[in-house]
Protein chains: 2
Amino acid sequence: MEEVKTFESICNLLRNRSYKLTPQRQTILQTFLENVDSHLSAEEVYMLVKHQNPEIGLATVYRTLDILAEIGILLKNDFGDGRSRYEFSRQDEHHHHHHLICLGCGSVSEFDDDLLESLEAVIIKRNHFKILDHDLKFYGYCEKCGEAP
Amino acid sequence: MEEVKTFESICNLLRNRSYKLTPQRQTILQTFLENVDSHLSAEEVYMLVKHQNPEIGLATVYRTLDILAEIGILLKNDFGDGRSRYEFSRQDEHHHHHHLICLGCGSVSEFDDDLLESLEAVIIKRNHFKILDHDLKFYGYCEKCGEAP
DNA sequence: CTTGTTGCAAAGCGTTTGCACCTCA
DNA sequence: TGAGGTGCAAACGCTTTGCAACAAG
């Protein structure tokens with residue numbers, strides 16, 4: 001279906017879509033390849049990227065995140081903290097994971113599951129609703145943060 | 001546990017929490033009682049409420065929605081359209097429903113389900129994550145909007 | 001009376017956009 | 001060289017806040 005995403009393969013993907021391969025885009029892409037498990041906000045990407053290229057503008061970061069999400073390299077998430085968060089999309093788009101969001105430290109961990117597939121079948125039948133996508137989040141406290149806030 | 005929510009009982013709830021029972025708050029509350037199945041944005045509430053009380057300010061609407069959500073009368077939702085949407089919370093907080101969001105017309109319907117309870121047990125065990133709340137949304141097309149956008 | 005509440009306008013915050021300059025292909 | 005990309009600053013849309021006037025208890 002789809003091979004593993006390397007820096008090279010993603011560059012090709014950009015070229016195929018006739019996006020130019022600018023240094024800014026390469027730097028941002030690198031940042032995600034070096035933070036495969038992170039859920040970074042635009043501002044966070046901006047900070048990380050600025051170290052290597054202080055000239056870069058925040059607007060460019062936003063524009064690049066848009067593009068990378070559009071071509072399926074990144075996944076755009078909303079964890080309810082008032083900003084979008086992007087994560088590197090490993091490979092198979094279709095079978096995605098859910099998020100455990102810690103109300104204590106804000107950390108986000110991931111959780112794979114198949115249960116929703118069967119639930120979708122029920123919904124389609126019962127509600128006559130054609131499902132394209134779903135989004136499941138759990139809020140609570142991670143092991144480190146324990147019980148109380 | 002908790003009785004059915006009437007206008008009177010909610011007013012008492014406000015008083016108990018030492019919130020004052022202003023005409024503005026009453027009007028906003030009425031609006032939700034007359035739109036039990038809606039998922040209203042602050043702006044929409046503002047428009048509805050203005051008919052009965054043109055003096056009311058948008059800031060007051062926001063402040064009242066905050067309060068009503070805080071005491072469990074309303075549920076605050078984020079359907080990814082860039083604004084918060086509030087719905088009347090029928091009764092039992094703990095066992096809540098999920099949303100089917102139509103990408104065509106933006107309508108939101110609801111879906112009750114128990115499946116997530118068992119899933120939570122798995123997560124607690126496997127990830128050592130104490131779950132307080134969850135949020136499940138399905139995106140797709142409703143019966144009216146059919147297949148294509 | 002006195003503390004909470006209101007309306008207004010201004011500020012806040014994440015994100016987008018207009019524009020002149022730049023640069024990849 | 002020309003279409004697309006960049007940086008900057010201004011604009012945007014939703015929400016929050018500071019403040020003086022007001023009203024519920």
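Chain letters run A, B, ... following the sequence lines, proteins first and then strands; every chain starts at 1.
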By salt bridge (Lys or Arg N to Asp or Glu O under 4.0 Å) - contacts of A:Glu44 (at least two apart):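 Counting only residues at least two positions away or on another chain, A:Glu44 forms a salt bridge (Lys or Arg N to Asp or Glu O under 4.0 Å) with A:Arg85.
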Start and end of the DNA chain C segment that chain A contacts, any atom under 4.0 Å from a heavy atom: C:dG14 to C:dA25
Measuring from [X]:[atom1] to [Y]:[atom2], what's the distance to the nearest 0.5 Å?
X       : Y       : atom1 : atom2 : value
A:Asn16 : A:Ile71 : CG    : CD1   : 9.5 Å
A:Thr27 : A:Lys50 : OG1   : NZ    : 12.0 Å
A:Glu34 : A:Leu48 : CD    : CG    : 9.0 Å

Taking five pairs at each terminus, the helix from C:dC1-D:dG25 to C:dA25-D:dT1 shows an axis bend, to 10°, of 30°
Enumerate the salt bridge (charged side-chain N to carboxylate O under 4.0 Å, His left out) contacts for residues 12-27 of chain B, please, sequence neighbours excluded, ordered by first and then second residue.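 For residues 12-27 of chain B, and leaving out neighbouring residues, there are no salt bridge (charged side-chain N to carboxylate O under 4.0 Å, His left out) pairs at all.
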Can you give me the closest heavy-atom contact between B:Ala69 and B:Tyr86, atom names plus distance?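 Result for this residue pair: CB-CE2, 4.4 Å.
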Side chain of A:Lys76, backbone of A:Ser84: donor and acceptor closer than 3.5 Å? no
State whether the side chain of A:Thr64 and the backbone N or O of A:Thr60 hold a donor-acceptor pair below 3.5 Å, judged by distance alone.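 Yes; at least one donor-acceptor contact below 3.5 Å.
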Name all residues meeting the side-chain contact (heavy atoms from CB on, under 4.5 Å) criterion together with [X]; count only those two or more places apart in sequence or in a different chain, and write none if there are none.
X        : answer
A:Ser118 : B:Leu115
A:Gln26  : A:Phe7, A:Leu21
A:Ser38  : A:Asn35, A:Leu40
B:Ile124 : B:Ile131

Over 60° means perpendicular and under 30° means parallel, so classify the ring planes of B:Phe138 and B:Phe111, tilted if in between. perpendicular
At a heavy-atom distance below 4.0 Å, what parts of residues 47-57 of chain A sit against DNA chain C? none
Given that B:Tyr86 and A:Tyr46 both sit by DNA chain D, which one's nearest nucleotide is further toward the 5' end?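 Between the two, 5'-proximity favours A:Tyr46.
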A:Glu43 near the nucleic acid: base, sugar-phosphate alone, or nothing, with a heavy-atom cut-off under 4.0 Å? nothing
Under 4.0 Å, counting only non-hydrogen atoms across every strand here, what does B:Ser84 touch: a base, just sugar-phosphate, or nothing? sugar-phosphate
For B:Glu43, check side chain to side chain donor-acceptor pair (under 3.5 Å) against everything at least two apart and list the hits.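 Per chain and number, B:Glu43 pairs via side chain to side chain donor-acceptor pair (under 3.5 Å) with no residue.
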For DNA chain D, which nucleotides open and close the run of contacts to chain A, 5' to 3', at under 4.0 angstrom from a non-hydrogen atom? D:dG2 to D:dC8
Looking just at side-chain N and O atoms, do A:Glu87 and A:Asn77 make a donor-acceptor pair shorter than 3.5 Å?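 A pair is found: one side chain offers a donor N or O, the other an acceptor, under 3.5 Å apart.
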Enumerate the residues from residues 14-23 of chain B whose closest heavy atom to DNA chain D is under 4.0 Å, giving them by residue number; use none for an empty result.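 Only B:Lys20, B:Leu21, B:Pro23 qualify.
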